[in-house]
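Order of the sequence lines sets the chain letters (A, B, ...), proteins ahead of strands, with each chain counted from 1. Computation of the quantities below employed the complete heavy-atom set of this structure, encompassing side-chain atoms and omitting hydrogens, waters and symmetry-equivalent molecules.
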There are 2 protein chains.
Amino acid sequence: MNYYADLNEDDRSALDGLKYRTEVYESGEEIVTRGDDPGDAFIVSSGWAARYIALEDGRSQILNFMLPGDVYDLQVFVSSGADHSVLALNQVTVMEIKRREILSIFEKKGRAGAAFWWCALQEEAILREQIVRNGRRSARERVAHLLLELHRRALISGEGAGDSFHMPVSQAMLADALGLSFVHINRVLRELEKAGAISRKKGWITLERREHLVELCDFRDDYLHLDANPRRLGFNF
Amino acid sequence: MNYYADLNEDDRSALDGLKYRTEVYESGEEIVTRGDDPGDAFIVSSGWAARYIALEDGRSQILNFMLPGDVYDLQVFVSSGADHSVLALNQVTVMEIKRREILSIFEKKGRAGAAFWWCALQEEAILREQIVRNGRRSARERVAHLLLELHRRALISGEGAGDSFHMPVSQAMLADALGLSFVHINRVLRELEKAGAISRKKGWITLERREHLVELCDFRDDYLHLDANPRRLGFNF
DNA sequence: CGTTAATTTGATCGAAATCAATCAGTGTGG
DNA sequence: CCACACTGATTGATTTCGATCAAATTAACG
């Protein structure tokens with residue numbers, strides 16, 4: 001395990017000492033199903049997943065995407081059944097960690113626990129941004145904003161290179177994330193492509209004119225608090 | 001301070017021993033302004049507030065409403081400037097608690113800390129439901145669903161009586177919460193009223209036919225996890 | 001290479017936005 | 001006590017963005 005940090009030696013060894021079980025899920029598998037009481041927290045170590053809630057009539061809404069390095073369900077302390085599901089978007093490897101293990105990190109002094117806290121904080125910031133994006137932005141703004149967010153996060157997670165990143169997300173999934181129809185998602189993507197703002201190839205997205213996208217949706221580059229808080233957990237395998 | 005709980009005597013006295021400062025905000029005042037590093041966590045003890053994010057062009061989105069008993073910013077451990085603001089919707093009294101105090105609760109053994117954890121969990125559930133509501137529901141469903149949520153929460157917070165509750169929220173605010181125009185909010189409210197589902201009077205809402213509303217938006221009565229987790233903090237003044 | 005899933009495109013429809021007034025309540029200062 | 005201003009609610013007319021319906025085209029894959 002490796003990490004960026006203002007962590008000291010003790011903190012690092014506390015994290016390195018975490019016991020975990022590695023689990024692999026194939027594309028389309030459910031990592032967590034609504035109603036489960038998963039019992040464990042987990043950290044995505046490779047692949048992408050999506051947290052979503054399905055309504056009874058077939059509509060469904062993606063809450064957010066999970067990329068390598070993202071932590072799930074720190075609320076294990078008090079949880080009582082997930083109110084949403086988690087779906088693997090491609091082959092996903094996760095580190096599953098028992099409640100007890102997480103608790104032990106928090107009980108120790110030092111900043112190791114803070115690294116987890118910070119992950120939870122960032123996740124909440126992403127949820128808040130999702131609310132604003134879907135609530136008060138036009139379709140074109142939503143798409144541009146989400147692409148910029150995912151690009152940023154893909155870079156941080158070690159995937160992606162420069163202005164390109166692999167995005168294993170179908171247009172129907174994008175639609176469920178952005179509260180739009182997949183037909184309209186397609187039109188917006190094509191329009192952005194025709195305008196030279198992006199290009200697409202076999203699941204890879206390239207932001208050809210990033211500044212244009214940023215201007216289009218007034219993307220605030222700092223909203224993930226990434227610069228201010230270098231306490232992110234990172235993993236190399 | 002009083003609370004529902006599976007807390008023991010030690011837990012209760014730990015909570016009772018919390019030092020706090022009481023602060024009063026008038027309707028329209030900002031309790032927290034974006035960019036602030038508030039330093040303290042706080043608990044609403046009376047009145048309603050709204051957490052929101054404003055875009056530069058005047059659009060704004062309410063993230064959620066805060067009612068008495070709701071806790072704000074347990075992430076004080078690692079925070080670095082709020083990414084959103086909090087607005088008082090009527091006269092609001094809050095208990096402001098220093099970081100150090102909150103930390104001391106968590107460091108003690110026992111379930112007192114879990115009570116705070118649970119508040120954070122519930123808040124996240126509300127944010128998630130907000131995403132689904134605004135992303136995948138029609139205007140009528142959104143209004144019905146939000147009214148049901150607020151009614152439920154008003155009852156729990158000790159306000160409201162039976163099917164009625166005081167809702168100090170203008171139609172423009174509802175619009176900013178639900179991602180709609182205030183004109184359309186007005187039409188939907190009138191329609192629900194004409195249909196006999198609700199009635200309104202000087203800021204009070206009565207759910208005349210609650211079952212009808214529930215059916216209309218398929219409201220899941222349990223989504224706040226209230227029954228499963230009676231660890232909510234409560235306050236009487 | 002056939003079969004299914006994902007993308008693309010066109011045509012039409014509709015829910016909600018926008019534009020534009022009016023009306024009701026509430027101060028508030030003369 | 002009244003004229004005025006201001007905020008919030010209401011209603012109507014028109015427009016628009018995105019949904020829906022339908023079909024074709026391409027990509028993925030056993």
For nucleotides 24-30 of chain D, 5' to 3', base contacts (B), sugar-phosphate-only contacts (S) and non-contacts (-) with protein non-hydrogen atoms under 4.0 Å give -------
Which parts of nucleotides 4-14 of chain C does protein reach within less than 4.0 Å, heavy atoms only, written one letter per nucleotide 5' to 3' as B for base, S for sugar-phosphate only and - for none?
---SBBBB---
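Taking a cutoff of 4.0 Å between a charged side-chain nitrogen and a carboxylate oxygen, B:Lys194 and B:Glu191 do not qualify as a salt bridge.
Here D:dA19 presents its P atom at 17 Å from CZ of B:Arg137, a figure rounded to the nearest Å. Atom pair A:Glu191:CD and D:dG18:P shows a separation of 10 Å (rounding to whole Å applied). Separating the CE atom of B:Met173 from the P atom of D:dA9 is a distance of 10 Å, rounded to the nearest angstrom. Distance CG (B:Asp176) to P (C:dA17): 11 Å, rounded to an integer number of Å. Straight-line distance from the CZ atom of A:Arg136 to the P atom of D:dC17: 16 Å, rounded to whole Å. If you take CG of B:Leu180 and C1' of C:dA15, they are 10 Å apart, rounded to a whole angstrom. B:His184 places its NE2 atom 15 Å from the C1' atom of D:dT10, with the value rounded to the nearest Å. When rounded to the nearest whole Å, the span between CG of B:Leu174 and P of C:dA17 equals 13 Å.
Among residues two or more places apart in sequence or in another chain, the side chain to side chain contact (heavy atoms under 4.5 Å, CB included) test is passed with A:Arg142 by A:Arg133, A:Asn134, A:Arg137, A:Leu178, A:Leu180. Residues meeting the salt bridge (Lys or Arg N to Asp or Glu O under 4.0 Å) test with A:Arg209, sequence neighbours left out: none. Under the rule for a ring pair (Phe, Tyr, Trp, His ring centres under 6.0 Å), the partners of A:His151 that lie at least two apart in sequence or sit in another chain are A:Phe165. A:Glu23 pairs by the salt bridge (Lys or Arg N to Asp or Glu O under 4.0 Å) definition with A:Arg21, not counting sequence neighbours. With sequence neighbours left out, B:Phe42 forms a ring pair (Phe, Tyr, Trp, His ring centres under 6.0 Å) with B:Tyr72. Applying the ring pair (Phe, Tyr, Trp, His ring centres under 6.0 Å) rule to A:Phe65 yields no partners; only residues at least two apart in sequence or on another chain are considered.
When distances are taken from the side chain of A:Ser181 to each of D:dT20, D:dG18, C:dA17, the shortest belongs to D:dT20.
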Sequence neighbours left out, cut at 3.5 Å: what donor-acceptor pairs do the side chains of residues 210-219 of chain B make with other protein atoms?
| from | atom 1 | to | atom 2 | distance (Å) |
| --- | --- | --- | --- | --- |
| B:Arg210 | NH2 | B:Asp221 | OD1 | 3.2 |

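Note on the helix from C:dC1-D:dG30 to C:dG30-D:dC1: angle between the axes of the first and last five pairs equals 40°, rounded to 10 degrees.
Legend: salt bridge (charged side-chain N to carboxylate O under 4.0 Å, His left out) pairs involving residues 158-184 of chain B, not counting sequence neighbours, sorted by first then second residue: A:Arg136-B:Asp176. Counting only residues at least two apart or in different chains, ring pair (Phe, Tyr, Trp, His ring centres under 6.0 Å) contacts with residues 176-205 of chain B comprise B:His166-B:Trp204.
Judged purely by distance below 3.5 Å, without hydrogens or angles, the side chains of A:His84 and A:Arg34 never pair a donor atom with an acceptor atom.
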